[in-house]
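One structure is given below, encoded as structure tokens.
Numbering starts at 1 and runs along the sequence shown.
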Amino acid sequence: MQKVRKAVIPAAGLGTRFLPATKAMAKEMLPIVDKPTIQFIIEEAIDSGIEEILIVTGRSKRSIEDHFDSNFELEQNLEEKEKWSLLKLVESTTKIKLHFIRQSYPKGLGDAVLHAKSFVGNEPFIVLLGDDMMKDEVPLTKQLMDRHDKTGLSVLATMRVPDKDTSKYGIVDPAAKLEDGLYEVNQFVEKPKAEEAPSNLAIIGRYLLNPEIFEMLEKQAPGARNEVQLTDAIEQLNKTQKVLAHELKGTRYDVGDKFGFMTTSIEYGLEHPEVKDDLKNYLIQLSKELRTQE
Ligand code: G1P
């Protein structure tokens, strides 16, 4: 079985949900406490054994490239002031083998992934969406890689969502259950209306794909929102080789949404050694005050 070595991170979206913050700044650089969301995503890939990553960027995304490059002046300054732990943090972002390509027009997630065709070549690969941060004992990317090692098939990460939310996601119509948390799939539908959704099993932002997906993407006409949808190409792939759905047992944090971003910041803050105690005390005090106002 060919090992999965490469990852693709689409990061060309306009970030309209976070305007005005994202007018000149990449939404992927918004921090959860002190770390940009895209760094969490890259760390998940690396912790899973991924060796090379392509980031598909667009306008106003240069800060992503700068973040993962060395910053000589800053490093020298921290060295002079003997701020070793900060220096280590700054240097940690430069040890990753990254490639960048630009998607000039926002033609959809499927089109962004198609930009990775020559980087990926004829290998299975993983797509990680920056809006979804995951937490589990084994990184979700590694869970998908283990499923692929055993089956050789494409595998998507999924989780159950409330019925009212199905129109926000690609939805899977699960068929036979192969083993615990692994399904064959009848159909993949991008953002169906609640009353038309075949289930509440939603695609979340990790896709392990065989390279035949590119043939499907090249033929794929625009779908929902008049964009080339990755889900539609996966639906076509599933007709020629099975695409499986893996159900996440851990936690997904939707950092592409304002409320999700805020709750994720609080949860990560409660684990951050520098701020966790103060934050906890603040939250206890705040909740007391809020209760008296009810
Ligand atoms: C994208 C995909 C969708 C998937 C979702 C997961 O949608 O098109 O199939 O369920 O990510 O976060 P977006 O969130 O970009 O609208």
Side-chain angles (χ1 to χ4, degrees), residues 1-10 38 40-56 95-99 109-110 112-114 116-130 132-160 169-170 172-188 201-217 230-231 233-252:
M1 191 67 55
Q2 205 170 8
K3 270 185 71 76
V4 180
R5 301 184 307 115
K6 293 179 179 175
V8 176
I9 303 180
I38 193 164
F40 285 95
I41 308 295
I42 287 180
E43 286 174 0
E44 179 190 320
I46 291 181
D47 291 345
S48 304
I50 291 296
E51 294 163 16
E52 268 185 81
I53 300 173
L54 175 76
I55 303 184
V56 185
K95 310 247 179 300
I96 303 158
K97 198 163 175 193
L98 287 184
H99 307 264
L109 178 59
V113 173
L114 185 54
K117 187 180 175 205
S118 59
F119 164 76
V120 167
N122 199 26
E123 297 181 25
F125 66 107
I126 177 109
V127 176
L128 298 99
L129 302 189
D132 295 315
M133 278 170 48
M134 311 292 181
K135 196 186 275 171
D136 209 346
E137 277 163 31
V138 174
L140 182 54
T141 292
K142 179 73 170 64
Q143 294 176 25
L144 297 183
M145 286 161 75
D146 291 343
R147 296 292 201 193
H148 183 267
D149 277 349
K150 288 195 192 130
T151 62
L153 297 171
S154 300
V155 198
L156 310 190
T158 58
M159 68 181 277
R160 302 277 169 190
Y169 296 94
V172 162
D173 177 9
K177 188 174 183 175
L178 297 177
E179 51 186 274
D180 187 32
L182 188 68
Y183 303 88
E184 288 185 0
V185 175
N186 290 322
Q187 201 196 356
F188 296 89
L201 195 59
I203 302 170
I204 50 176
R206 304 291 181 271
Y207 309 72
L208 199 160
L209 297 167
N210 278 332
E212 290 77 17
I213 191 67
F214 293 116
E215 293 162 33
M216 307 301 157
L217 284 170
L230 182 57
T231 306
I234 289 169
E235 165 69 3
Q236 296 311 314
L237 185 65
N238 193 36
K239 291 178 180 161
T240 60
Q241 50 171 266
K242 279 179 200 156
V243 178
L244 305 178
H246 165 85
E247 197 173 340
L248 171 69
K249 299 233 165 73
T251 313
R252 164 183 179 254

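- T251 OG1 to M133 CE: the interatomic distance, rounded to the nearest 0.5 Å, is 11.0 Å.
- Results of the salt bridge (Lys or Arg N to Asp or Glu O under 4.0 Å) test with E44 over R252, R206, K142, K135 single out R206 as the only residue that passes.
- Atom CD1 of residue I126 and atom CG of residue L208 lie 4.5 Å apart, to the nearest 0.5 angstrom.
- To the nearest 0.5 Å, the span separating CG on L244 from CG on L156 amounts to 8.5 Å.
- Contact of the L209 side chain with the I234 side chain is registered, since non-hydrogen atoms from C-beta on lie closer than 4.5 Å.
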* Tell me, with the steps shown, if I42 and L98 meet side-chain contact (heavy atoms from CB on, under 4.5 Å). => CA-CA 10 Å; I42 287 180; L98 287 184; 4.1 Å; yes
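- In this structure a side-chain-to-backbone donor-acceptor pair under 3.5 Å is present from K6 to F119.
- In terms of heavy atoms, L230 sits closest to L217 at CD1-CD2, 4.2 Å.
- Between the side chain of E235 and the backbone N or O of F188 there is at least one donor-acceptor pair closer than 3.5 Å.
- Of all the heavy atoms in S48 and P139, the pair that sits closest is OG-CB, 3.5 Å.
- Between S154 and L237 the shortest side-chain heavy-atom distance falls below 4.5 Å.
- Scanning both residues, H148 and V155, for their nearest heavy atoms gives N-CG2, 4.2 Å.
- With values rounded to the nearest 0.5 angstrom, Y207 atom OH is found 5.0 Å from T231 atom OG1.
- Judged as a ring pair (Phe, Tyr, Trp, His ring centres under 6.0 Å), and not counting sequence neighbours, the contacts of F125 are F214.
- Residue-environment remark: CD (E179) exceeds the threshold of 12 foreign heavy atoms within 6.0 Å.
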* Decide side-chain contact (heavy atoms from CB on, under 4.5 Å) for Q2 and N122; before the verdict, give the C-alpha distance in whole Å, the side-chain angles of both, and the deciding distance to 0.1 Å. => CA-CA 10 Å; Q2 205 170 8; N122 199 26; 5.9 Å; no
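- Across every non-hydrogen atom of P124 and N210, the tightest pair is CB-OD1, 3.6 Å.
- Residues D146 and H246 fail the side-chain proximity criterion, which asks for heavy atoms closer than 4.5 Å.
- The two residues V185 and V243 have their closest heavy-atom pair at CG2-O, 3.7 Å.
- For the residue pair L144 and A157, the shortest heavy atom distance occurs at CD2-N, 4.0 Å.
- At distances below 3.5 Å, at least one donor-acceptor pair connects side-chain atoms of Q143 with backbone N or O atoms of V138.
- D136 places a side-chain N or O within 3.5 Å of a backbone atom of G250 that can act as its donor or acceptor partner.
- Looking at heavy atoms from C-beta onward, I203 lies out of side-chain contact with Y169 at the 4.5 angstrom threshold.
- With rounding to the nearest 0.5 angstrom, the CD1 atom of I46 is 11.0 Å from the OG1 atom of T141.
- Summarising the geometry, atom CD1 belonging to I9 is positioned 5.0 Å from atom CD1 belonging to I38; distances are rounded to the nearest 0.5 Å.
- By the 4.5 Å heavy-atom criterion applied to side chains, E51 and K97 are not counted as neighbours.
- Results of the side chain to side chain contact (heavy atoms under 4.5 Å, CB included) test with M134 over L140, L128, I41 single out L140 as the only residue that passes.
- With sequence neighbours left out, K177 forms a side chain to side chain donor-acceptor pair (under 3.5 Å) with no residue at all.
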* Does the side-chain contact (heavy atoms from CB on, under 4.5 Å) test come out yes or no for M216 and T240, once each step is laid out? -> CA-CA 10 Å; M216 307 301 157; T240 60; 3.8 Å; yes
